Amino acid sequence: MLDTLHRIVKAVNAAPDLEHALAIIVTQVKRAVDADVCSVYLTDFERRDHVLKATEGLLQDAVDKVRLPYHRGLIGLVCERAEPVNLADAPSHSRYLFTHETGETQYKGFLGVPIIQNRKVLGVLVVRQIDKRTFADGEVTFLFTLAAQLAGAITHAQASGNLTTQNDLSPPKRFLRGQPGAPGVALGTAVVVYPPADLEAVPDKPAQYPEQEEEDFRTAVAGVVADLMAIEDRFEESLPAEDRALFDAWLMMLGSDSLIGNTVRRIHEGNWASGALRETIEEHAKVFDAMEDIYLRERASDVRDLGRRILMHLQQKVSTPSDYPKNTILVGDEVSAMQLAEVPHGYLTGVVSAHGASFSHVAILARAMEVPAVMGLSNMPVSRMEGRSLILDGYLGRVYVSPAPSVVQEYRRLADEDRELHQELEADRDLPCETTDGTKVPLYLNTGLISELNTLGIEESEGVGLYRTELPFMVRDSFPGESVQVTNYRKVLKTFHPRPVTIRTLDIGGDKPLPYFPVNESNPFLGWRGIRISLDHPEIFLTQLRAILRAAIGLNNLRLLLPMISHVQEVDDALMLIQRAHDELIEEGFEVTMPKIGVMIEVPAAVYQVEALARRIDFLSVGTNDLTQYLLAVDRNNAHVAEIYNDLHPAVLRALIQIVRSAKALQKEVSVCGEMAGNPAAAVLLLGMGVDSLSMNGGSLLRVKWVIRSVSCGSAKELLQAALRYERASEVKALLSNALEEMGLGGLMRAGR
Ligand code: PEP
Ligand code: MG
């Protein structure tokens with residue numbers, strides 16, 4: 001059964017649209033459980049009924065016509081209960097409803113299972129039997145396991161189906177739903193980015209010069225033929241002839257008309273070579289995927305492998321897209337910080353990523369660049385997005401594809417409002433950041449995620465509260481040497497001099513792997529990350545420390561920050577290495593000085609040992625992004641759980657209060673440098689807690705300043721007390737929204753998570 005299940009799910013995932021997906025489901029499920037009928041009903045939430053969308057066994061004419069009202073019949077019962085209903089004799093059940101239009105006789109055996117995604121019933125998968133039949137437990141679990149996996153495929157196919165033609169079929173108000181990544185709205189054109197040699201990720205794109213595309217494709221195939229022949233020659237001695245026959249089979253495939261002819265035909269029908277290749281390979285591989293014979297089924301991976309090899313040759317010609325349109329909206333399965341930084345200055349209007357969530361580093365980067373972003377649209381048909389006109393709503397996490405004129409008009413209006421808000425914020429640019437009762441709240445900048453310094457916030461910040469050092473390590477193919485690092489760090493230290501710059505030591509691991517330092521772990525966020533790697537590799541750590549200390553010579557505005565601290569021993573070991581780097585440099589004649597040293601509080605263990613940590617260092621900086629992730633046990637990058645990741649969770653607020661209290665007891669300065677600090681509403685709570693300073697991306701500085709200039713310390717404390725009475729993050733958020741609304745700062749809340 002498991003095998004059949006995998007096969008069906010795979011076939012459904014590869015279906016081009018919903019209709020095909022459902023056709024596969026009903027035929028294959030009917031066969032698998034040997035039923036007389038298999039049908040799928042999908043719920044129409046607007047019309048409040050369940051529509052027959054596919055059937056094998058009932059009249060085909062009934063498809064899309066038969067509609068069962070919400071709370072009627074057995075289908076309605078399955079939806080209400082959100083659990084399987086298994087009846088040997090359905091007509092004797094009080095909820096049984098006979099429908100003529102389907103051509104049904106009185107089927108007795110009935111098994112209906114709900115199709116559920118994100119706690120929402122999307123429809124029902126049902127099998128029927130003329131005779132009395134109680135479906136066996138194994139059959140029930142087979143159907144609901146399948147239904148659970150199909151929910152995603154169905155929503156994906158639904159979204160793809162809406163995009164099957166260039167003239168969209170989508171109703172004017174349809175949108176793809178994701179997570180808010182960076183606030184703002186954007187109107188622009190989709191440019192799909194994808195990792196190299198990933199055939200599945202290749203988008204469809206119009207072939208501008210089909211003759212040229214055909215020639216490129218044929219050259220690429222010839223390249224693969226030459227590669228394979230060379231490999232075969234190399235194995236002539238060592239491999240027996242029957243094993244080498246495999247090469248001949250591949251070479252035959254490469255010469256076959258089904259591969260060459262079909263791809264060339266697709267090119268001349270309008271797709272570019274890489275897109276045409278993807279379609280042909282998928283079609284070919286699917287034939288093998290559907291075979292019962294395990295050996296033949298394995299051949300599907302050979303076909304895909306050949307496809308990848310051809311693509312690699314094709315990509316030697318086309319590298320990254322060089323012609324970005326003026327309002328580029330970068331779209332990808334997993335958009336990387338690198339791809340964002342590659343778009344020429346002034347061209348990037350928005351970012352849409354199928355994976356990731358609002359605390360992924362790419363979303364943080366988008367916020368820093370003031371570019372709206374939507375994350376975690378797991379149902380987005382990425383390959384069909386190239387060149388589409390898009391509207392992106394970074395406040396609500398929505399993406400409209402080829403939007404209707406009325407939607408465009410509405411969003412133009414919102415974009416204008418945003419611009420006005422921006423102008424109002426600008427008016428505060430030169431005013432001090434202090435509360436109405438005169439308490440100064442220094443605002444610092446988070447920077448370092450893009451190679452050149454982001455100009456946003458350089459002027460209006462009090463310095464850098466968090467300089468992430470990972471990027472220079474990520475863009476190379478080996479660890480950067482000491483002098484390269486000195487140049488990088490000195491640039492930031494000089495730019496902000498005499499204001500302080502807090503440089504954080506390397507925090508790789510988690511979602512920031514280094515291509516040349518692979519760490520394969522099933523739980524990277526709980527694994528070898530941050531200070532743990534630095535301490536295990538003192539040669540890497542000492543090089544970085546030496547570079548940081550040298551960069552500050554003569555400037556003396558450096559503060560050093562240690563990430564991911566969970567044990568006091570890590571601080572002791574790090575302090576020893578810092579001292580060693582310092583002493584070595586002095587011995588070598590460099591006039592370095594010892595900077596102030598701080599630790600990040602971003603792991604629950606550190607919350608409970610703040611005093612012990614604080615005694616060892618000069619300042620504390622709270623990383624609420626990770627602290628929230630680890631306190632709530634919610635992966636900050638995982639779109640599936642993004643809705644329960646919330647830094648306004650009462651547990652996070654209480655942890656923060658405890659940190660501030662402990663730090664104050666030892667007269668140690670405490671700042672917050674996670675994204676929470678840049679959320680204007682949350683900033684008021686942090687102020688109420690007595691946090692000394694806030695550090696955020698450049699895009700948030702003026703928003704936070706605006707709100708701080710509108711409150712007193714007393715009212716911030718009162719708001720915090722009110723927030724602490726709630727048990728849910730949603731209630732805290734509602735409280736803050738109302739409070740800001742009352743202060744006349746409602747515009748800011750649109751950006752509020
Ligand atoms: C944090 O965890 O809050 C933080 C500031 O660090 P990063 O986002 O780089 O993990
Ligand atoms: Mg962190």
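Remember, it's 1-based here, ligands and their atoms both numbered in the order they're listed. Values in this document were obtained by computation on a predicted structure and should not be read as measured data.
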ask   = Measuring from F473:CZ to D507:CG, what's the distance to the nearest 0.5 Å?
value = 11.5 Å
ask   = Just how far is it from atom CG of L176 to atom CZ of R398, taken to the nearest 0.5 Å?
value = 11.5 Å
message = Would you say that more than 12 heavy atoms from the other residues, nucleotides or ligands in this model lie under 6.0 Å from the CZ of R532, or not?
response = yes
task = Kindly indicate, with the supporting measurements, whether the criterion ring pair (Phe, Tyr, Trp, His ring centres under 6.0 Å) is fulfilled by H537 and F479.
result = CA-CA 12 Å; H537 278 278; F479 284 102; 7.7 Å; no
query = How about I533 and L506: do any of their side-chain heavy atoms sit closer than 4.5 Å?
reply = no
ask   = Given side chains that start at C-beta, do those of D418 and Y395 come closer than 4.5 Å, heavy atoms only?
value = yes
query = Is the shortest distance from a Lys or Arg side-chain nitrogen in R559 or E669 to a carboxylate oxygen in the other one below 4.0 Å?
reply = yes
request  = Determine, for D428 against R703, whether the closest basic-nitrogen to carboxylate-oxygen distance falls under 4.0 angstrom.
outcome  = no
Within the protein, flag every N or O under 3.5 Å from an N or O of ligand 1, and note the pair and distance.
residue	atom	partner	partner atom	Å
ligand 1	2 (O)	E602	OE1	3.0
ligand 1	2 (O)	D626	N	3.0
ligand 1	2 (O)	D626	OD2	2.9
ligand 1	3 (O)	G623	O	3.4
ligand 1	3 (O)	T624	N	3.1
ligand 1	3 (O)	N625	N	2.8
ligand 1	3 (O)	N625	ND2	3.3
ligand 1	6 (O)	R504	NH1	3.0
ligand 1	8 (O)	H361	NE2	3.4
ligand 1	8 (O)	R468	NH2	2.9
ligand 1	8 (O)	N625	ND2	3.0
ligand 1	8 (O)	R636	NH2	2.8
ligand 1	9 (O)	H361	NE2	3.1
ligand 1	9 (O)	R468	NE	2.7
ligand 1	9 (O)	R468	NH2	3.4
ligand 1	9 (O)	R504	NH1	3.2
ligand 1	9 (O)	R504	NH2	2.9
ligand 1	10 (O)	R529	NH2	3.4
ligand 1	10 (O)	D626	OD2	2.9
ligand 1	10 (O)	R636	NH1	3.0

query = Taking atom types as modelled and ignoring hydrogens, do the side chains of D647 and T624 form a donor-acceptor contact shorter than 3.5 angstrom?
reply = no
key: Total protein N/O/S atoms whose distance from the Mg ion (ligand 2) is less than 2.8 Å   = 2
